[in-house]
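Take a look at the structure set out below.
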Amino acid sequence: MFKFAKKKQPLMQMRYGPYIGLCAFCFLFIIFPFIISSPREIFSGLWSIILDPDYLISDYVGVGGLGAAFFNSGLLTLSMTGILFLSGTQITGISISALLTVAGFALFGKNILNVWPILAGVYLFAKYRKEPFSRYIYIALFGTALSPLVSLMLFGNLLPFGPFNLFAGILVGLSIGMILPPLSTAFLRFHQGYSLYNVGFVTGTIGTVYVSLLKSFGLLVESRMIWTTGNNLLLAIFLYISFAALVLFSLFLLRWNKFKWIMGYSGRAVSDFVILEGWGATLFNMGIMGVITTSYILFIGGDLNGPTIGGILTVVGFSAFGKHPRNIIPVILGIMLGAITKRWGLAEPSIQLAALFGTTLAPISGEFGWKYGLIAGFVHSSVVLNVGMLHSGFNLYNNGFSGGLVAAFLLPLIETFARGGNNR
């Protein structure tokens, strides 16, 4: 299925060094649960997570417990890291963004079971095209955003329980994986790289079509909100220590001070900071961004739980692939402005998530300036709260779906009026 890289390299060079760091991150998430929970609680909670329908918003801390949620995240991310290794993939910024996105959403929607049919579907597409799986591996990892549809077919009560559930779940996952690669390539032109979560827009479209088919056959699901509170102190300590470790480790690497050069990039896809400025500056940026986003949630009186930590980890992951403080802060401020001038509070769950995941629009701020980042965030704060009904929460990247729409809507207007020059 996979091919190992033929050329051997020293342990700490580019091929193996990053894998060691990623495995350390995964084991941190695997070991942490045994410090705060008993093994029985962890494995019992993991079973509850596997059986859950998983669609938005399903905080795995509430479904299976804090220990089980982190254990699921660490185990799933370690599995995805293994796939990258076996496919001979060299770790760069896009690898980090994909793996940390998996780690984040493994706290509220992805689990050690429901991702595999989608991954297998992408693999079959690669075989159909007679191309290496490694060419589509990131589409596969990001495409697991639709894994709740697999869980719904496997364990939901839409169909009579039995072998048909298994068949339906596998079929849905395989079909999603087969159509993801061609749509991802085509849809990138829709927003021209100004929304970093391109696959989120694709999965939003696919999710809308699949849910519409289910609804047309009378197979409906009720909306849900599983959102936990009360763990801010413990989780804040865990996150701050983790991000401080990233910053401190970056200080031991060469050229970490090139972080200021990272701040000069717009962030428009493709902006791989590992390739552009190296590991030192990238890890420093990731650590700083983790501190900023964690502090934001605490500052507004929000909740550190599965969904918000998922958002924080996604921001940190994309801090290796497009995001930095200069281009996300205007977007966050725009979302805050949208919340306080409308009928929502900053600490409402949907607004907390919008502020974190809405930074998919950071390239607009980076390319055109903070004013347009503010506008993008303001518009996003409204759009993201209304597009979820299209896919009924089965696209975990709801903000990616919304971000693609907002970017495509604003881009021609910004280019006309911001770059109108003599035509102004």
Side-chain angles (χ1 to χ4, degrees), residues 44-66 68-70 72-73 76 104-115 118 144-159 161 165 168-169 172-173 176 200 203-204 206-231 297 302-311 314 343-345 347-357 383-402:
S44 174
L46 182 62
W47 183 245
S48 297
I49 287 171
I50 290 173
L51 296 179
D52 192 75
D54 301 319
Y55 58 97
L56 296 176
I57 296 176
S58 300
D59 183 353
Y60 279 172
V61 176
V63 173
L66 189 59
F70 274 83
N72 177 68
S73 177
L76 183 57
F105 280 90
L107 295 170
F108 74 118
K110 302 180 184 181
N111 62 56
I112 196 62
L113 176 67
N114 64 11
V115 300
I118 296 175
T144 54
L146 289 169
S147 55
L149 277 172
V150 176
S151 292
L152 179 70
M153 293 293 103
L154 288 174
F155 304 116
N157 55 7
L158 301 185
L159 303 171
F161 184 76
N165 289 72
V172 166
I176 290 170
T203 53
I206 296 173
T208 298
V209 172
Y210 275 56
V211 168
S212 297
L213 288 171
L214 290 175
K215 288 182 177 179
S216 66
F217 285 102
L219 303 175
L220 304 177
V221 293
E222 297 180 357
S223 60
R224 64 180 348 204
M225 170 67 76
I226 301 176
W227 185 271
T228 60
T229 61
N231 295 305
I297 293 297
D303 305 300
L304 290 177
N305 53 27
T308 55
I309 294 178
T314 301
R343 56 187 178 88
W344 309 297
E348 290 194 21
S350 55
I351 296 300
Q352 291 185 56
L353 297 181
L356 295 170
F357 290 111
V383 176
V384 72
L385 298 185
N386 291 283
V387 298
M389 65 183 68
L390 297 176
H391 52 77
S392 296
F394 284 95
N395 170 39
L396 294 175
Y397 304 162
N398 185 51
N399 278 267
F401 186 31
S402 170

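What you see is a predicted model; the values in this text were computed from it and never measured.
For the pair Phe105/Thr144, no side-chain contact is recorded, criterion being any heavy-atom separation below 4.5 Å from C-beta on. Considering only heavy atoms from C-beta on, Phe401 comes within 4.5 Å of Leu390 through its side chain. Residues Leu356 and Thr314 fail the side-chain proximity criterion, which asks for heavy atoms closer than 4.5 Å. Counting heavy atoms from C-beta outward, Ile176 and Tyr210 have side chains that approach closer than 4.5 Å. Between Asn395 and Leu146 the shortest side-chain heavy-atom distance falls below 4.5 Å. Here the side chains of Val63 and Phe108 are not in contact, with every heavy-atom distance at 4.5 Å or above. A heavy-atom distance below 4.5 Å is not found between the side chains of Leu149 and Ile206.
Between Met389 and Lys215 the shortest heavy-atom distance is O-NZ, 3.8 Å. Here the closest non-hydrogen pair linking Gly393 and Tyr55 is O-CB, 3.4 Å. Minimum heavy-atom separation, Ala354 to Val384: CB-CG1, 3.9 Å. Residue Ser147 comes nearest to Lys110 through the heavy atom pair OG-CG, 3.6 Å, listed as atom of the first residue, atom of the second, then distance. Nearest heavy atoms, Asp59 versus Pro307: CG-CD, 3.4 Å. In plain terms, the two heavy atoms of Ile309 and Leu107 that are nearest each other are CG2-CD1, 3.6 Å.
Within the 3.5 Å criterion, the main-chain N or O of Asn399 finds no donor-acceptor partner in the side chain of Ser402. For Asn114 (side chain) and Gly109 (main-chain N/O), a donor-acceptor pair under 3.5 Å exists by modelled atom type. Without hydrogens or angle criteria, Asn165 side chain to Met153 main chain gives a donor-acceptor distance under 3.5 Å. Side-chain N or O atoms of Asp303 include none that pairs as donor or acceptor with a backbone N or O of Thr229 at under 3.5 Å. Remark: side-chain polar atoms of Ser212 are paired, donor with acceptor, to backbone N or O of Thr208 under 3.5 angstrom. Counting only distance, with no hydrogens or angles, the side chain of Asn72 and the backbone of Ala106 share a donor-acceptor pair below 3.5 Å. A donor-acceptor pair is defined here as one N or O able to donate and one able to accept, closer than 3.5 Å; such a pair exists between the side chain of Asn305 and the backbone of Thr308.
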(request) Apply side chain to side chain contact (heavy atoms under 4.5 Å, CB included) to Phe155 and Ile50, showing your working. (result) CA-CA 9 Å; Phe155 304 116; Ile50 290 173; 4.2 Å; yes

(request) Kindly determine whether Ser392 and Leu214 satisfy side chain to side chain contact (heavy atoms under 4.5 Å, CB included), including the steps that lead there. (result) CA-CA 11 Å; Ser392 296; Leu214 290 175; over 6 Å; no

(request) Go through the steps for Tyr60 and Asn111 under the test side chain to side chain contact (heavy atoms under 4.5 Å, CB included), then give the verdict. (result) CA-CA 10 Å; Tyr60 279 172; Asn111 62 56; 3.6 Å; yes

(message) Checking Asn398 against His391 for the side chain to side chain contact (heavy atoms under 4.5 Å, CB included) test, could you report, in this order, the C-alpha distance in whole Å, the side-chain angles of both residues, the deciding distance, and whether it holds?
(response) CA-CA 9 Å; Asn398 185 51; His391 52 77; 2.8 Å; yes

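Note that CG of Asp52 is 11.0 Å distant from CG of Leu152, once rounded to the nearest 0.5 Å. In this structure, CD1 on Ile49 lies 10.0 Å from OG on Ser73, to the nearest 0.5 angstrom.
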